[in-house]
Amino acid sequence: MAGEPVNVNEFQELARKVLPKMYYDFFAGGAEDEYTLKENVEAFHRITIQPRILVDVSRIDISTVILSHKTSAPIILSPSAAHQLAHPEGEVATARGAAACNVIMGLSFMSTCTVEEVASSCNAVRFFQTYVFKRRDVTEFMVRRAENNGFRAIILTADTPRLGRREADIKNKMISFRLRNFEGLISTDVVSDKGSNLAAYTEETLDPSLCWKDIAWLKSITKLPILIKGVLNGEDAMKAIEAGVVGIIVSNHGARQLDYSPATISVLEELVQAVQGKAPVLLDGGIR
């Protein structure tokens, strides 16, 4: 590639060249046939912009407020796992980038830097994303730890009763990365000869019984506001509001969970109409 990259696709091509194949495929891949992975992007391509002319655009302000936090743009860095597989500074570098741009950072439950390292690295507004483990005490400990370290909200990922079938990870025999947040708390060692060690680990730990009544449990262990991530239809959006969450994240987990689920942008309007302004609606997936 000649010159500096000028768009996200060119950064992705650089990543393909420098990362080990196992790690690149982990970051870039989706579930099964990867239909939804492609559709997340293609659905945006079918949306066109209707321009208006002769409007004064000499002063443009795209700042907004998300859950009472003023940000420079309507953007949250969506939580994703294992940033140290791509760069030695990992989530600490991500947090510093968020702080420099004055946008909110979501830190993954499966981060490779600790909660404390990220919290002490900069003054970024941070939300903490959580899964619910079979051992609820692990999830409770992590949520309280995030609250004690100045995180401002909890993001509950609700679309992962078990990990999606990510065929690239199976072929590559993806190795479960070091989860330093859990050291001394729960074993992070899984040995599997059936493909992805990461998939084997999550199958052992994630709680497939998670359901709507558990929102009340999560609210009981933290004073932080809770957003729910993984909503794809209006009925679930209304249930989430009734359960007391303060925000909805329209997400198909980056197309990494259930293949042939809808592209997120294609269901956004349905969810916004269902929520009727009772909570902010955020979206991930396919944004370039």
Side-chain angles (χ1 to χ4, degrees), residues 66-69 76-81 91 104-111 114-116 118-119 124-164 179 181-182 184-186 188 201-254 256-258 264 271 274-275 278-284:
I66 302 174
L67 298 188
S68 79
H69 303 293
I76 293 178
L77 300 188
S78 191
S80 55
E91 290 83 2
I104 296 169
M105 177 201 180
L107 180 68
S108 171
F109 194 72
M110 310 292 273
S111 65
T114 67
V115 167
E116 291 77 13
V118 174
V125 175
R126 300 171 304 274
F127 293 175
F128 182 71
Q129 175 267 334
T130 188
Y131 293 102
V132 174
F133 274 13
K134 294 174 183 176
R135 275 188 55 187
R136 295 292 178 94
D137 62 306
V138 174
T139 296
E140 180 174 352
F141 178 80
M142 290 298 298
V143 166
R144 294 188 187 277
R145 189 169 161 190
E147 184 171 348
N148 291 338
N149 279 278
F151 284 71
R152 305 295 185 85
I154 300 298
I155 299 172
L156 172 65
T157 295
D159 61 3
T160 314
R162 60 180 299 162
L163 202 69
L179 295 168
N181 275 312
F182 301 149
L185 183 64
I186 188 173
T188 59
Y201 180 74
T202 55
E203 186 171 351
E204 283 191 11
T205 55
L206 293 182
D207 187 352
S209 74
L210 182 69
C211 59
W212 286 110
K213 64 180 176 60
D214 295 310
I215 301 292
W217 168 77
L218 186 59
K219 290 177 67 177
S220 75
I221 64 170
T222 181
K223 297 176 182 177
L224 295 177
I226 297 168
L227 302 94
I228 190 165
K229 178 175 177 286
V231 186
L232 288 172
N233 64 76
E235 183 178 355
D236 281 347
M238 289 187 290
K239 284 185 176 180
I241 298 299
E242 291 167 1
V245 305
V246 301
I248 304 291
I249 303 179
V250 184
S251 173
N252 53 33
H253 211 113
R256 297 161 72 79
Q257 277 301 105
L258 181 64
T264 49
L271 272 76
V275 170
K278 295 175 182 176
V281 178
L282 309 170
L283 174 138
D284 71 18

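Keep in mind that this is a model prediction, so the values were computed, not measured.
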Discussion item. Looking at K278, I'd like to know if its NZ atom is crowded, meaning that more than 12 non-hydrogen atoms belonging to other residues, nucleotides or ligands lie closer than 6.0 Å.
Written reply: no

Worksheet item: Can you find a pair of side-chain heavy atoms, one from H69 and one from I104, that are under 4.5 Å apart?
Response: yes

Worksheet item: With a 4.5 Å heavy-atom cut-off, do L156 and L227 have their side chains touching?
Response: no

Fill in: D214 side chain to W217 backbone, donor-acceptor under 3.5 Å
no

Worksheet item: Considering the options D137, V138, L179, which one meets the side-chain contact (heavy atoms from CB on, under 4.5 Å) requirement together with I186?
Response: V138

Item to complete: Heavy atoms only: give me the nearest A237-A274 pair and the separation to one decimal.
Response: CB-CB, 4.5 Å

Discussion item. With heavy-atom distances below 4.5 Å as the criterion, would you say the side chains of L210 and F133 are in contact?
Written reply: no

Worksheet item: So, for G230 and D159, which heavy atoms are closest and what is the spacing to 0.1 Å?
Response: CA-OD2, 3.8 Å

Item to complete: Inspect the surroundings of CD in E116 and state if more than 12 heavy atoms from other residues, nucleotides or ligands are less than 6.0 Å away.
Response: yes

Worksheet item: What do you reckon, are the aromatic ring centroids of Y201 and F182 less than 6.0 Å apart?
Response: no

Practice prompt. Run the numbers on L218 and E140 for side-chain contact (heavy atoms from CB on, under 4.5 Å), then give the verdict.
Written response: CA-CA 8 Å; L218 186 59; E140 180 174 352; over 6 Å; no

Worksheet, complete the sentence: To the nearest 0.5 Å, atom CD1 of I76 lies from atom CG of L67 at 7.0 Å

Response to the item:
Heavy-atom closest pair (Q257 atom, R162 atom, distance to 0.1 Å) is NE2-O, 2.8 Å

Item to complete: To the nearest 0.5 angstrom, please state how far the CG atom of N252 sits from the CG atom of L258.
Response: 9.0 Å

Discussion item. If you apply the rule side chain to side chain donor-acceptor pair (under 3.5 Å), what do you find for T157 with Q129, and how did you get there?
Written reply: CA-CA 7 Å; T157 295; Q129 175 267 334; 3.0 Å; yes

Discussion item. Between V132 and L206, is there a side-chain heavy-atom distance shorter than 4.5 Å?
Written reply: no

Worksheet item: Going by atom types only, do S251 and D284 share a side-chain donor-acceptor pair under 3.5 Å?
Response: yes

Worksheet entry | Ring geometry between F109 and Y131 (parallel below 30°, tilted from 30 to 60°, perpendicular above 60°) | perpendicular

Response to the item:
What one should report as the nearest heavy-atom pair of S108 and F128 is O-CE1, 4.2 Å

Item to complete: Taking T264 for its side chain and V250 for its backbone only, find out whether a donor-acceptor pair lies under 3.5 Å.
Response: no

Fill in: E147 and T222 side chains, donor-acceptor separation under 3.5 Å
yes

Fill in: Side chains of F127 and I154 in contact at under 4.5 Å (non-hydrogen atoms)
no

Fill in: Shortest non-hydrogen contact from I215 toward A243
CG2-O, 3.6 Å

Worksheet item: Can you check whether T205 reaches R135 side chain to side chain, under 4.5 Å on heavy atoms?
Response: no

Practice prompt. Would you check if L271 and V231 make a side-chain contact, meaning some heavy-atom pair closer than 4.5 Å?
Written response: yes

Discussion item. Which heavy atom of I226 sits nearest to which heavy atom of K219, and what is that distance?
Written reply: CD1-CG, 3.5 Å

Practice prompt. Report the residue from K229, H253, M105 that forms a side-chain contact (heavy atoms from CB on, under 4.5 Å) with S78.
Written response: K229

Worksheet item: Are any of the side-chain heavy atoms of L107 and E91 separated by less than 4.5 Å?
Response: yes

Item to complete: Working to the nearest 0.5 Å, report the span between CZ of R136 and CD1 of I221.
Response: 9.0 Å

Practice prompt. Assess whether side-chain contact (heavy atoms from CB on, under 4.5 Å) is satisfied between V125 and F151, documenting all intermediate values.
Written response: CA-CA 7 Å; V125 175; F151 284 71; over 6 Å; no

Practice prompt. Nearest 0.5 Å please: distance from the CD1 atom of I249 over to the CD1 atom of I155.
Written response: 4.0 Å

Discussion item. Just to verify, what does R152 make a salt bridge (charged side-chain N to carboxylate O under 4.0 Å, His left out) with, not counting sequence neighbours?
Written reply: none

Item to complete: Test side chain to side chain donor-acceptor pair (under 3.5 Å) on N181 and R145 and set out the steps.
Response: CA-CA 10 Å; N181 275 312; R145 189 169 161 190; 3.3 Å; yes

Response to the item:
To the nearest 0.5 Å, atom CG of L185 lies from atom CZ of F141 at 6.0 Å

